[in-house]
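Only a predicted model underlies this, so the values are computations on that prediction, with no experimental measurement involved.
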Amino acid sequence: MNGQLCEAVIKRDKWVEHMNKKAEHTAKVTYNNERATMILNTTYKTATEGNLIPDRETLVTIIGNMIKSPNSNWSEKEPEWELPRTYFDA
């Protein structure tokens, strides 16, 4: 070796930096105390009884749709880090 980092190490370091930034943003903005409390107080039972989610099959479908067809915010993210749209297809 000539002392230079290989491309895989450089990519890994960029990925770690990216994930650390996302974690910081998530902790500060996305899941602030108010949002965290709401999530903690909304259990699966509460969501289904409150007609937020009619049944487990609907929940699975909603999650699958979010993964396969992300909203505009997620669609604008760095495509290099995205999974292929067909990744979860059976």
Side-chain angles (χ1 to χ4, degrees):
M1 290 269 163
N2 60 7
Q4 292 183 327
L5 297 176
C6 71
E7 189 174 337
V9 172
I10 294 168
K11 282 185 175 183
R12 182 201 63 209
D13 288 347
K14 285 182 180 179
W15 177 248
V16 170
E17 182 182 341
H18 168 76
M19 293 307 293
N20 284 335
K21 286 179 183 175
K22 297 303 284 179
E24 184 179 320
H25 175 77
T26 298
K28 288 182 180 177
V29 179
T30 306
Y31 293 105
N32 57 28
N33 287 339
E34 181 182 333
R35 178 87 170 132
T37 301
M38 185 196 79
I39 291 169
L40 288 172
N41 292 329
T42 304
T43 63
Y44 176 74
K45 183 178 178 183
T46 302
T48 55
E49 289 176 355
N51 293 322
L52 298 175
I53 302 168
D55 54 35
R56 185 170 176 76
E57 184 177 330
T58 303
L59 174 63
V60 171
T61 301
I62 290 169
I63 292 170
N65 288 340
M66 286 189 289
I67 293 169
K68 292 173 88 173
S69 303
N71 66 25
S72 60
N73 259 356
W74 284 99
S75 296
E76 295 169 4
K77 301 298 179 198
E78 186 70 38
E80 179 179 345
W81 306 118
E82 289 182 359
L83 291 172
R85 294 275 188 241
T86 58
Y87 184 83
F88 292 100
D89 290 347

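Here the NZ-NZ distance, from K11 to K14, works out to 8.5 Å after rounding to the nearest 0.5 Å. Taken to the nearest 0.5 Å, the OG1 atom of T26 stands 10.0 Å off from the CD atom of E24. We find the CD-OG1 distance between E34 and T37 to be 8.0 Å, quoted to the nearest 0.5 Å.
Using a 4.5 Å heavy-atom threshold, the side chains of V9 and R12 count as touching.
Checked against I53 for a side chain to side chain contact (heavy atoms under 4.5 Å, CB included), the options V60, L59, T61 give a single hit: L59.
Remark: N41 CG is packed, more than 12 non-hydrogen atoms of other residues, nucleotides or ligands lying under 6.0 Å away.
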